[in-house]
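These notes are about the structure you will find just below.
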Amino acid sequence: MAEIDPDFIQKAAALKYDHASQNAPKVVAKGQGDVAKNIIKIAKDNNLPIKKDEDLIELLSKLDIDKEIPTEMYKAVAEIFSFIYGITNKKEEN
């Protein structure tokens, strides 16, 4: 995974998905500038996976916080969750 340079973070978003209680992932945080840097810092401090995807962040930044993502974004977000699942499994194997 490429390291994210905090000096160049312009936008960030955080997703949450609980398959037991949600139909789709939700945007739980989003922002730009210092807010984006704080989202990244919190993720790093909590050992959460981070994926850089400039096209997806443009779409996610337009969504309301605490709303499920629309169906037309399922494929893009599924790719992110697949990436996260892969990282999580590698960590558990080590």
Side-chain angles (χ1 to χ4, degrees):
M1 177 169 52
E3 187 64 28
I4 295 177
D5 185 344
D7 293 332
F8 293 102
I9 297 171
Q10 295 180 4
K11 292 183 181 180
L15 297 173
K16 180 179 179 181
Y17 180 56
D18 178 0
H19 68 277
S21 65
Q22 294 173 232
N23 293 321
K26 292 181 180 182
V27 175
V28 293
K30 67 177 184 173
Q32 52 189 344
D34 288 341
V35 173
K37 289 177 185 178
N38 197 39
I39 291 169
I40 298 295
K41 181 185 181 315
I42 290 169
K44 286 182 177 182
D45 290 350
N46 289 282
N47 295 314
L48 298 173
I50 300 168
K51 173 88 166 99
K52 182 178 178 180
D53 187 323
E54 293 175 10
D55 293 331
L56 183 58
I57 191 61
E58 285 302 317
L59 296 172
L60 292 174
S61 67
K62 295 176 183 170
L63 300 177
D64 292 332
I65 290 179
D66 209 28
K67 300 283 183 181
E68 290 184 353
I69 63 164
T71 55
E72 56 269 12
M73 291 182 66
Y74 281 9
K75 184 175 186 238
V77 172
E79 291 173 9
I80 298 299
F81 278 91
S82 176
F83 166 82
I84 292 168
Y85 181 74
I87 289 175
T88 303
N89 282 344
K90 285 180 185 177
K91 285 182 181 177
E92 290 176 359
E93 289 174 2
N94 294 333

Checklist line | Spacing of CG belonging to D53 relative to CD belonging to E58, to within rounding of 0.5 Å | finding: 10.5 Å

Checklist line | Exercise: identify the closest heavy-atom pair between K62 and K30 | finding: C-NZ, 4.1 Å

Notebook entry, point to check: Does the distance from a Lys or Arg side-chain N to an Asp or Glu carboxylate O, for K11 and E54, drop under 4.0 Å?
Noted result: no

Next item on the list: State the CD-NZ distance between Q10 and K37, to the nearest 0.5 angstrom.
Entry: 9.5 Å

Next item on the list: Specify the closest pair of heavy atoms between I39 and A14, including all atoms of both residues, with the distance to one decimal.
Entry: CG2-CB, 4.3 Å

Margin query: Taking Y17 as the starting point, is it possible to reach L60 by hopping between hydrophobic residues whose side chains are less than 4.5 Å apart?
Written below: yes

Note to self: Testing the basics here: between M73 and L56, what is the closest heavy-atom pair and its distance to 0.1 Å?
What the structure shows: CE-CD1, 3.9 Å

Margin query: Restricting to non-hydrogen atoms, name the atom on A12 and the atom on A36 that form the minimum distance, rounded to 0.1 Å.
Written below: N-CB, 3.6 Å

Next item on the list: Mind listing the closest non-hydrogen atom pair of V77 and P25 along with its distance?
Entry: CG1-CG, 3.8 Å

Check: Roughly how far, to the nearest 0.5 Å, is CD1 of I42 from CG of N38?
Finding: 4.0 Å

Notebook entry, point to check: Any sub-3.5 Å donor-acceptor pair from S82's side-chain atoms to A78's backbone N or O?
Noted result: no

Notebook entry, point to check: What distance separates N46 CG from K41 NZ, expressed to the nearest 0.5 Å?
Noted result: 9.0 Å

Check: Hey, what do you get for CG (N23) to OG1 (T71), rounding to the nearest 0.5 Å?
Finding: 11.5 Å

Check: Should I65 and V28 be regarded as members of a common hydrophobic cluster, given that ILVMFWY residues are connected when their side-chain heavy atoms come within less than 4.5 Å of each other, either directly or indirectly?
Finding: no

Check: About how many Å separate NZ of K51 and CG of L15, when rounded to the nearest 0.5 Å?
Finding: 13.0 Å

